[in-house]
Amino acid sequence: MLKLGVVAIQGAVSEHIHSLKLALAKLNLIGDVKSVKKPIDLEDVQGIVIPGGESTVIGRIAERMSLLKVLREKIEGGFPVLGTCAGTILLAKEVYDAKVGKVNQPLIGVMNIKVIRNYYGRQKESFEVDLEIPLLGNKPFRGVFIRAPAIESVGDNVKVLALHEGLPVLVQQDKILAATFHPELTEDTRIHELFIKNILN
């Protein structure tokens with residue numbers, strides 16, 4: 001039985017748990033999804049989702065709980081992860097803010113991407129758009145961008161799976177998946193299914 005986790009410090013935790021349960025059902029897999037707040041919660045988990053929210057808040061609390069360090073070690077050892085929005089910021093090795101430039105915040109820092117926080121502006125500049133993601137088939141994926149970051153550049157070992165206006169919005173490095181949008185806010189589970197397939201492979 002697969003055991004999946006969602007970092008439950010802040011953000012769309014219940015939405016990700018719902019999407020993962022739906023994805024397990026669509027893949028005809030038996031599994032369970034649990035909230036992860038402390039390192040001990042990771043002991044029986046085979047893959048983790050880091051949701052959107054406030055990346056600084058999630059990072060600081062995770063660091064205080066020693067979760068950040070444990071996640072970094074596990075992901076560097078091949079532990080599958082899906083980061084969305086703020087989760088993508090936490091995974092990035094290099095993070096800037098659209099207004100203040102280089103930022104100093106606690107990061108997991110395992111993915112060779114450069115991310116700009118709040119790239120598209122404030123909450124009111126949030127938007128939805130259909131994304132072409134060939135790996136997921138011909139049907140477009142509805143991308144929900146809320147105070148979204150942008151991936152400005154990627155390293156050689158990072159595959160770009162989808163673009164919006166020329167910028168990567170879904171990327172993969174080994175078993176690390178990162179999206180600058182919110183797949184958990186749609187009923188389309190294909191990105192969560194991709195994450196689960198990464199665990200099985």
Side-chain angles (χ1 to χ4, degrees), residues 1-8 10-36 45-53 55 58 79-92 111 113 115 119-121 123-151 154 158-201:
M1 185 173 93
L2 270 179
K3 287 208 173 179
L4 310 173
V6 178
V7 172
Q10 195 215 24
V13 177
S14 60
E15 289 85 348
H16 273 296
I17 289 174
H18 173 71
S19 293
L20 287 170
K21 287 180 176 175
L22 275 181
L24 284 166
K26 286 189 180 174
L27 293 169
N28 291 317
L29 293 169
I30 297 171
D32 191 23
V33 188
K34 65 187 275 191
S35 298
V36 170
V45 167
Q46 290 155 283
I48 191 92
V49 172
I50 306 171
S55 64
I58 297 172
F79 187 61
V81 58
L82 164 63
T84 62
C85 199
T88 294
I89 295 170
L90 287 160
L91 289 169
M111 195 170 206
I113 54 176
V115 169
Y119 179 83
Y120 300 97
Q123 190 93 5
K124 63 181 181 181
E125 275 85 49
S126 301
F127 60 97
E128 294 186 22
V129 66
D130 283 335
L131 301 169
E132 301 293 332
I133 308 178
L135 187 63
L136 302 183
N138 292 329
K139 184 184 166 192
F141 193 99
R142 191 70 174 166
V144 180
F145 292 79
I146 301 172
R147 288 181 58 208
I151 298 170
V154 304
V158 178
K159 283 188 279 187
V160 176
L161 304 181
L163 294 166
H164 173 61
E165 295 183 341
L167 288 173
V169 293
L170 178 65
V171 294
Q172 181 165 9
Q173 174 186 312
D174 301 321
K175 295 201 172 188
I176 308 172
L177 266 177
T180 58
F181 53 95
H182 290 266
E184 78 283 5
L185 298 183
T186 74
E187 286 297 306
D188 191 335
T189 59
R190 286 178 290 165
I191 288 175
H192 290 84
E193 290 173 44
L194 180 62
F195 162 65
I196 292 169
K197 287 174 186 169
N198 280 342
I199 297 171
L200 299 173
N201 292 331

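The chain is numbered in sequence order, starting from 1. What's counted below: heavy atoms across the whole structure, side chains too, no hydrogens, waters or symmetry copies. Computed from a predicted model, the values in this text were never measured in an experiment.
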Working to the nearest 0.5 angstrom, can you tell me the gap between R190 CZ and I133 CD1? 7.0 Å
So, do L22 and E187 sit near enough that their side-chain heavy atoms are less than 4.5 Å apart? yes
Under 6.0 Å from the NZ atom of K26, do we count more than 12 heavy atoms belonging to anything else shown? yes
Any idea how F145 and F181 line up, ring-wise: parallel (<30°), tilted (30 to 60°), or perpendicular (>60°)? tilted
Considering all heavy atoms, the nearest S55-I89 contact: OG-CG2, 3.6 Å
So V160 and V169, do their side chains get closer than 4.5 Å, heavy atoms only? no
Flag side-chain contact, heavy atom, 4.5 Å: I176 against Q172: no
Does a side-chain heavy-atom distance below 4.5 Å link H192 with E184? yes
Please indicate whether K175 has more than 12 foreign heavy atoms, meaning atoms of other residues, nucleotides or ligands, lying under 6.0 Å from its NZ. yes
Would you indicate whether the side-chain heavy atoms of I50 and T88 approach each other to under 4.5 Å? no
Distance in Å, E15 CD paired with I17 CD1, rounded so as to fall on 0.5 Å steps: 9.5 Å
Using ring centroids (six-membered ring only for Trp), state whether F127 and H164 fall under 6.0 Å. yes
Heavy atoms from other residues, nucleotides or ligands near OH of Y119 exceed 12 (cutoff 6.0 Å): no
Does any non-hydrogen side-chain atom of P183 lie less than 4.5 Å from one of T84? yes
Distance-only, no hydrogens or angles: does the K21 side chain make a donor-acceptor pair with backbone N or O of G31 under 3.5 Å? no
Is any side-chain heavy atom of L170 closer than 4.5 Å to a side-chain heavy atom of L131? no
Using a strict cut-off of less than 4.0 Å between a Lys/Arg side-chain nitrogen and an Asp/Glu carboxylate oxygen, indicate whether R142 and D130 qualify as a salt bridge. yes
Out of curiosity, L194 CG to L82 CG, how far, rounded to the nearest 0.5 Å? 8.5 Å
For V154 versus P168, what's the shortest heavy-atom pair and its separation? CG1-CG, 4.2 Å
Side chain to side chain, L2 and L200, heavy atoms closer than 4.5 Å: yes
